[in-house]
Amino acid sequence: MFDKILIANRGEIALRVIRAAREMGVQTVAVHSTADTDAMHVRMADESVCVGPPPGSDSYLHIPSIIAAAEVTGAQAIHPGYGFLSENAAFVQIVEDHGITFIGPTAEHIRVMGDKITAKDTMKALGVPCVPGSDGGVPDLAAAKKIGEEFGYPVIIKATAGGGGRGMKVAKSEKDMANAFQTARAEAKAAFGNDEVYIEKYLTTPRHIEIQVFGDGKGRAVHLGERDCSLQRRHQKVFEEAPGPCITAEERARIGKICADAVAKINYAGAGTIEFLYEKGEFYFIEMNTRLQVEHPVTEAIFGVDLVREQIRVASGLPMSFEQDDLTINGHSIEVRLNAEKLPEFAPRPGKITAFHAPGGLGVRMDSALYDGYVIPPYYDSLIGKLIVHGRDRDEALARLNRALGELIIDGVENTVPLFSALLQEPAIHSGDYNIHWLEHWLELGK
Ligand code: ADP
C-alpha cells in the first residue's frame, strides 16, 4: 500500500478521497490555488501545497505544478477526483513517466473512451448495444442528410470530443439539418478544438441509465448495477438514484454482465461508468466515463462498498476486495446536487456562507466542503455539496430526503435546495415515471 497520495482536486471530492485514505492509514497531500487557501480540503489533508493562482488552468489543471507538488512531498500516487485532470490522457502519461502511480485507468483507455466515435466502435466490437447512427465521423452536410434519411428524423449531431452537454444539436427534420450540423460543428470547434461530429438517432423518451463497473487491470471486472440519472437540466444531472426505479433484476444482470465482460476483456483498471439511454426495454450506449463519478455515493450506499478505497487498493497492486457474487443490493439511495446557484435561472452565486448545518441521522450522508464563514470562490464550478440518503426502499429514501432537506441550513448564498423541496411535492417524482426531458418541461411550466 502507498504511504502517501496526492489529491489533484478540490471541494467535496478532495474530502471524499482524503476520508478514504485516512481510513486506510495513507497520508494525504492537498493541492490548492491561492483562492483556496482556507478551503476545507487544505485543512483536512496531512500536508498541502499551493500550486498557483485562482484560475483552474493556472493551478488545478497546471500539470507541471501538480507533478512538482507530488515530487517535493514524496507522494507515490495521484488521485484526480472527477473533472480537472481526471480524464486527461496526456496527464496520466506524464504522471507515470515521473514514476508516480495514477489512481485510475491507463492513458490508453482514457484516450479511447475520450473520443466518442472510437469509444462507440470499441464498445460495439465488445458486444455493448449502441444507439443506431453514422459509422464514425460525418464529413459534410450531404453525408449528414443521407444519414438523416437512412435512420429517420429526429437525429442528434454530437461532437466526438464532446463533454458537459456541449456540441450537441437535434435536427427534427431535414430542413433543420443544415443549421444543426453547422452549429454543432462550430460549437465543437470552439469548445474542444476539434470539429468532428457524428450522428445518432435521437431517442425521444429515454431514461438515462448508467452501469458502474470496476476492473483490476488484469482481466477481472465486476459491475455494481445501475444508477438512474434521468432528472437533467441542459444535459446535466441534478438528482440520481440507485437502483433505477424501472430496471428489473433480470435487465440489471443482463446489461451488467455485458458491461463487466467488456471492461474485463480490455483489462480496464479501477472505476468506470458506462452510460446508456434506456427506452422501451432496450439499452443504447452513449459514452463511457473513465473516472469516479459525482453520483458514485448512491452505488456505495446500496452495495455497502467504498469505491475510492477500492480505487486506491487496485492502483497499489492489491486485488479487488469483492467478486460479483459478493455484491448484493440493499435498499434504495438518492443523491441531490446542491449548487450555489440562483433559481430559476441557475445563475452561479459565489459568496460567503453565513450559517451551515448539515443534516444527520439514520441513512443520511452529506458530502460537502462547506463550513460556517466559508467564502465560495467564483472561479470553479458551483457544486457545493451532495446530500445522499439511503432507505429500505424508494419511498423511505424519498421521505428521508424530505426530512434531511428540512434540517439542512445553508445561509448566505442562494442554492438549489428549494428546487428539491419543490420536486418532492410532485407525483411524478414519487411514481418514478419520467424521462430525460421531464425536468426541463417542469421548469418551463414553473416560470
Ligand atoms: P456529454 O458527454 O456531453 O454529457 P452524452 O453523450 O453523455 O454527452 O449525452 C448527454 C445527454 O444528452 C444524455 O444524458 C441525453 O440526455 C442526451 N443525449 C445524448 N445522446 C442522445 C440521443 N441519441 N438521443 C436522445 N438524447 C441524447
Side-chain angles (χ1 to χ4, degrees), residues 10-16 39-40 81-83 164-165 208 227-242 293-298 301 333-360 364-372 374-390 397-430 432 434 436-447:
R10 63 184 298 284
E12 69 86 18
I13 195 59
L15 262 58
R16 171 71 190 85
M40 193 52 111
Y82 52 68
H208 175 111
R227 293 183 286 261
D228 186 322
C229 316
S230 298
L231 287 177
Q232 301 182 352
R233 178 181 171 271
R234 303 210 171 146
H235 305 304
Q236 298 293 308
K237 302 159 188 169
V238 302
F239 173 113
E240 301 107 338
E241 63 188 305
Q293 301 222 175
V294 175
E295 59 272 25
H296 76 276
V298 294
S333 179
I334 300 173
E335 170 183 290
V336 295
R337 295 195 192 193
L338 309 175
N339 289 343
E341 287 170 354
K342 180 181 177 299
L343 300 172
E345 58 274 48
F346 295 85
R349 278 290 181 274
K352 185 169 179 172
I353 301 289
T354 52
F356 174 67
H357 174 76
V364 175
R365 166 175 170 181
M366 180 83 188
D367 278 20
S368 170
L370 292 186
Y371 59 86
D372 270 335
Y374 175 61
V375 180
I376 301 166
Y379 309 102
Y380 314 107
D381 80 28
S382 53
L383 184 78
I384 49 172
K386 308 183 308 205
L387 172 58
I388 305 111
V389 294
H390 183 217
L398 284 166
R400 192 156 281 160
L401 178 60
N402 196 33
R403 188 269 289 172
L405 284 168
E407 290 178 20
L408 173 62
I409 296 171
I410 302 175
D411 286 346
V413 297
E414 283 165 291
N415 58 69
T416 51
V417 168
L419 167 72
F420 300 112
S421 301
L423 276 174
L424 285 171
Q425 307 290 317
E426 285 297 321
I429 298 300
H430 290 266
Y434 45 76
I436 58 169
H437 305 297
W438 186 90
L439 181 61
E440 295 259 359
H441 289 158
W442 183 81
L443 289 167
E444 277 300 313
L445 291 176
K447 270 183 191 157

Quiz item: Nearest heavy-atom pair of Ile388 and Lys386: which atoms, and what distance?
Solution: CD1-O, 3.7 Å

Self-check item: Rounded distance (nearest 0.5 Å) linking atom CD of Glu444 with atom CG of Leu439
Solution: 10.5 Å

Self-check item: Value rounded to 0.5 Å, distance of CG in Leu338 from CG in Asn415
Solution: 7.0 Å

Exercise. Could I get the full list of salt bridge (Lys or Arg N to Asp or Glu O under 4.0 Å) partners for Glu341, not counting sequence neighbours?
Key: none

Exercise. Quick one: pull up CZ in Phe356 and CG in Leu370 and give me the separation to the nearest 0.5 Å.
Key: 5.0 Å

Quiz prompt | side-chain contact (heavy atoms from CB on, under 4.5 Å) involving Ser421 - partner list, sequence neighbours excluded | solution = Leu405, Val417

Self-check item: side chain to side chain donor-acceptor pair (under 3.5 Å) against Ser368, all qualifying residues, sequence neighbours excluded
Solution: none

Exercise. Work out which heavy atom in Gly11 is nearest to a heavy atom in Ala369; give both atom names and the distance.
Key: C-CB, 3.7 Å

Quiz item: Within the distance-only criterion (no hydrogens, no angle test), does the side chain of Thr416 pair as donor or acceptor with the backbone N or O of Arg337 below 3.5 angstrom?
Solution: yes

Quiz item: Considering residues at least two apart in sequence or located in another chain, which fulfil the side chain to side chain donor-acceptor pair (under 3.5 Å) criterion with Arg403?
Solution: Glu407

Self-check item: Between CZ on residue Phe346 and CG on residue Leu419, distance to nearest 0.5 Å
Solution: 5.0 Å

Quiz item: Looking at residues at least two apart in the chain, or sitting in another chain, which of them share a salt bridge (Lys or Arg N to Asp or Glu O under 4.0 Å) with Glu414?
Solution: Arg349

Quiz prompt | Partner residues of Ala404 under the side-chain contact (heavy atoms from CB on, under 4.5 Å) criterion, sequence neighbours left out | solution = Pro359, Val364, Leu387, Val389

Practice problem: Could you list the residues that satisfy ring-ring contact (aromatic ring centres under 6.0 Å, His included) with Tyr374, not counting sequence neighbours? | Solution: Tyr371

Exercise. Rounded to the nearest 0.5 Å, what's the gap from SG on Cys229 to CD on Glu240? Could you check?
Key: 5.0 Å

Quiz item: What pairs with Arg365 under side chain to side chain donor-acceptor pair (under 3.5 Å), at least two apart in sequence or on another chain?
Solution: Glu300, Asp367

Quiz item: Mind checking what makes ring-ring contact (aromatic ring centres under 6.0 Å, His included) contact with Tyr380, not counting sequence neighbours?
Solution: Tyr60

Quiz prompt | Val294 to Glu335 - nearest heavy-atom pair and separation | solution = O-OE1, 3.4 Å

Quiz item: By side-chain contact (heavy atoms from CB on, under 4.5 Å), which residues pair with Gln425, not counting sequence neighbours?
Solution: none

Quiz item: Does a sphere of radius 6.0 Å around NE2 in His441 hold more than 12 heavy atoms from other residues, nucleotides or ligands, not counting ones at 6.0 Å or beyond?
Solution: no

Practice problem: Please determine, by modelled atom types, if Arg227 and His296 share a side-chain donor-acceptor pair under 3.5 angstrom. | Solution: no

Exercise. Evaluate whether atom NZ of Lys342 has more than 12 neighbouring non-hydrogen atoms of other residues, nucleotides or ligands under 6.0 angstrom away.
Key: yes

Quiz prompt | side-chain contact (heavy atoms from CB on, under 4.5 Å) partners for Asp411, two or more places apart | solution = Thr354, Ala355, Ile409

Quiz item: Can you name the side chain to side chain donor-acceptor pair (under 3.5 Å) partners of Glu426, sequence neighbours left out?
Solution: Trp442

Quiz item: How far does CD1 of Ile353 sit from CG of Asp372, to the nearest 0.5 angstrom?
Solution: 9.0 Å

Practice problem: Could you tell me whether Glu295 and Lys237 make a salt bridge, using a distance below 4.0 angstrom between a side-chain N and a carboxylate O? | Solution: yes

Self-check item: Minimum heavy-atom distance Ala340-Val413, with the two atoms named
Solution: CB-CG2, 4.4 Å

Quiz prompt | Considering all heavy atoms, the nearest Val298-Ile334 contact | solution = CG1-C, 3.6 Å

Exercise. Go through the steps to decide whether Ile429 and Trp438 satisfy the test side chain to side chain contact (heavy atoms under 4.5 Å, CB included), and finish with yes or no.
Key: CA-CA 10 Å; Ile429 298 300; Trp438 186 90; 3.8 Å; yes

Self-check item: Shortest non-hydrogen contact from His430 toward Leu398
Solution: ND1-CD1, 3.7 Å

